[in-house]
Number of protein chains: 2
Amino acid sequence: MLTLSPVDAALKALAEPRRREILRLVWNDELPAAQIAARFHDVTRSAVSQHLAVLREAALVTERRDGTRRLYRADHAQMDRLRQFLDEYWTGSLQRLQDLAESAEREKGKH
Amino acid sequence: MLTLSPVDAALKALAEPRRREILRLVWNDELPAAQIAARFHDVTRSAVSQHLAVLREAALVTERRDGTRRLYRADHAQMDRLRQFLDEYWTGSLQRLQDLAESAEREKGKH
DNA sequence: ACATTCAGTGAGTTGACACTAACGTAAGGG
DNA sequence: CCCTTACGTTAGTGTCAACTCACTGAATGT
C-alpha cells in the first residue's frame, strides 16, 4: 500500500471534489495554506492541510517554504502526465501492456 | 449521496484500478459478466458484479440483456464527456464557473 | 416439472478516508 | 523569554466502499 501507482494516486486525489477546488485555487497562483483554508467555511484548516498532503503525495502540487508559511502551487507537469495517460487510455491499445504490468505489480504486493 | 455529479462519479469509478481493468476489457468488445469475472482469480463474481454496477451508475458502461446473460460494453461517449471536462480543467478558465456551481449545489445538499 | 446456469441482491465484516479537536513545533515580534 | 502566527500531527469518530458468503430470481436444458 506504500506508494500507490502515480496514476492511481492522481485519480484518487482528483475524485474528491474539495481537492479539485483546492487544486484550482493554486492552479495559476501560489498560495499559503492559510489563504486556501480561508475560502472554506465548512471545514477546518486541519482538513485542508490533510487535503494538501494528499495532493502533494500525488505530486499534483508542489510545496515551497517561506519562513513559517508554506506556499502551494499546482504542478502542471504532473497533470500533463496524467492527461497523457488518460488520452492513451481512451485511444486504446498502446497503454494496455503498461497497465497490465501495473496490475501485476499490485498483485505481487497482495499475496 | 443522492446522485453524485457525473464527473465525480466517473472519476471515482476510474480511481479504482480493478474497475479500469474491467473497463478496458469491455472497451472494444462486448462481454458477458461471467467472462469478465473469469479474468480475475482473486475476487468473486459478486465483487465484479458490484464493480460493474458502479461503472454502470457512472454511465461508463452500458448493459444489454441477452436471455439470461448481460452484456457490457464501454460507453465511449461518456468517456469523451469526461475527457472534455478534464481538458477544460487543465486549460483553465472557462470551466471555473460551472465547477463552482457544482460545489455550491453540493453544499446545498449537505446542510 | 426439475435441475442447471448466469446473474443480481442483502447481510455482515473489514478497512480506508474525511473530518474534528487537541496538541506539538518552528519562526519572528515585543 | 513569552506569545503569537502558521503550520503539521495524532487520536478518535462517523461514514462509506470493497469484499465474501449465502440467497434469490430468471432463462434454459432435459
Side-chain angles (χ1 to χ4, degrees), chain A residues 1-5 8-23 26 30-58 61-73 103 106-107 109-111, chain B residues 1-4 8-23 25-26 30-58 61-73 103 106-107 109-111:
Chain A
M1 198 201 84
L2 309 122
T3 57
L4 224 43
S5 109
D8 273 5
L11 277 174
K12 207 168 184 182
L14 287 175
E16 179 65 41
R18 183 108 52 197
R19 279 194 285 265
R20 289 207 303 277
E21 299 178 39
I22 292 176
L23 189 60
V26 295
E30 194 178 37
L31 291 179
Q35 273 190 44
I36 297 171
R39 312 243 185 167
F40 305 94
H41 326 289
D42 51 344
V43 287
T44 62
R45 290 181 299 107
S46 182
V48 173
S49 177
Q50 288 172 61
H51 279 309
L52 285 169
V54 173
L55 288 169
R56 182 167 16 94
E57 280 158 22
V61 299
T62 59
E63 181 194 296
R64 181 171 72 86
R65 284 184 160 82
D66 172 38
T68 164
R69 300 185 311 167
R70 309 201 182 183
L71 301 166
Y72 293 92
R73 171 160 37 189
S103 73
R106 189 163 43 73
E107 277 315 299
K110 274 193 176 173
H111 296 310
Chain B
M1 199 203 93
L2 316 112
T3 53
L4 227 40
D8 273 5
L11 277 174
K12 207 168 181 181
L14 287 175
E16 179 66 41
R18 188 149 284 148
R19 278 195 287 265
R20 288 207 303 276
E21 297 179 39
I22 293 177
L23 188 59
L25 287 177
V26 296
E30 194 178 37
L31 292 179
Q35 273 189 43
I36 297 171
R39 312 242 183 167
F40 306 93
H41 23 284
D42 53 343
V43 287
T44 61
R45 290 183 300 104
S46 182
V48 173
S49 177
Q50 290 171 58
H51 278 309
L52 285 169
V54 172
L55 287 170
R56 181 166 17 92
E57 280 158 22
V61 300
T62 58
E63 181 195 297
R64 182 172 71 87
R65 284 184 161 81
D66 172 38
T68 166
R69 300 185 309 163
R70 309 201 179 183
L71 301 167
Y72 293 92
R73 173 160 34 187
S103 72
R106 186 164 45 75
E107 277 315 299
K110 274 195 174 172
H111 297 309

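It should be emphasised that the depicted structure is a prediction, and the values quoted were computed from it without experimental measurement.
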Shortest non-hydrogen pair, A:Asp8 vs B:Pro17, comes out as OD2-CG, 3.0 Å

Residue-phosphate contact under 4.0 Å: A:Arg69 side-chain N/O, C:dA26 OP1/OP2: no

The side chain to side chain donor-acceptor pair (under 3.5 Å) partners of B:Gln50 (sequence neighbours excluded) come to B:Ser46

Are any side-chain N or O atoms of B:Arg20 and backbone N or O atoms of B:Leu14, one a donor and one an acceptor, separated by less than 3.5 Å?
yes

Walking DNA chain C from its 5' end, the first of B:Ala53 and A:Gln50 to be reached, judged by nearest nucleotide, is B:Ala53

Rounded to whole Å, the CG-P distance (A:Asp42 to C:dA18) equals 15 Å

Contact check, residues 30-38 of chain B vs DNA chain D, heavy-atom distance under 4.0 Å, returns none

Validation row: A:Val54, A:Glu16 side chains within 4.5 angstrom (heavy atoms):
no

By nearest-nucleotide position on DNA chain C, the 5'-leaning member of A:Gly67 and A:His51 is A:His51

Min side-chain heavy-atom separation A:Arg18-A:Asp42 under 4.5 Å
yes

From CZ of A:Arg18 across to P of C:dT20 the rounded distance in Å is 8 Å

Sugar-phosphate, base or nothing in reach of B:Arg56, heavy atoms under 4.0 Å: nothing

Separation of D:dT28 atom P from B:Arg70 atom CZ, nearest Å, is 13 Å

Atom CD of A:Glu63 and atom P of D:dG8 are separated, to the nearest Å, by 6 Å

Original post:
Is there a donor and acceptor pair, one atom on the side chain of A:Ser46 and one on the base of C:dA21, closer than 3.5 Å?
Top reply: yes

When rounded to whole Å, the CG to P distance for the pair A:Leu71 and D:dG8 reads 11 Å

- Message: Can you tell me if B:Thr44 touches the phosphate of D:dC19, counting only side-chain N or O atoms and a distance under 4.0 Å to OP1 or OP2?
- Response: no

Rounded to whole Å, the CG-C1' distance (B:Asp66 to C:dC6) equals 12 Å

**Prompt:** Looking at A:Thr68, does any N or O in its side chain come under 4.0 Å of the phosphate oxygens OP1/OP2 on C:dG28?
**Reply:** no

Residues B:Arg65 and B:Glu63: closest non-hydrogen pair is NH1-OE2, 3.2 Å

Side-chain contact check for A:Glu16: nearest option of D:dC7, C:dC6, C:dA18 is C:dA18

Between CZ of A:Arg65 and P of C:dT25 the distance, given in whole Å, is 15 Å

- Does B:Tyr72 make a side-chain N or O approach to OP1 or OP2 of C:dA7 shorter than 4.0 Å? no

Of all heavy-atom pairs linking A:Leu55 and A:Ala13, the shortest is CD2-CB, 4.2 Å

Exercise. Quick one: the side chain of B:Arg45 and the base of C:dA7, do they pair up donor-acceptor inside 3.5 Å?
Worked result: yes

With side chains defined as the heavy atoms from C-beta onward, is the minimum distance between A:Glu30 and A:Asp66 less than 4.5 Å? no

Between CG of A:Leu55 and P of C:dA18 the distance, given in whole Å, is 10 Å

Any side-chain N or O of A:Lys12 under 4.0 Å from OP1/OP2 of C:dC17? yes

With the side chain defined as heavy atoms from C-beta on, B:Val54 is closest, among D:dA18, C:dT9, D:dG8, to D:dA18

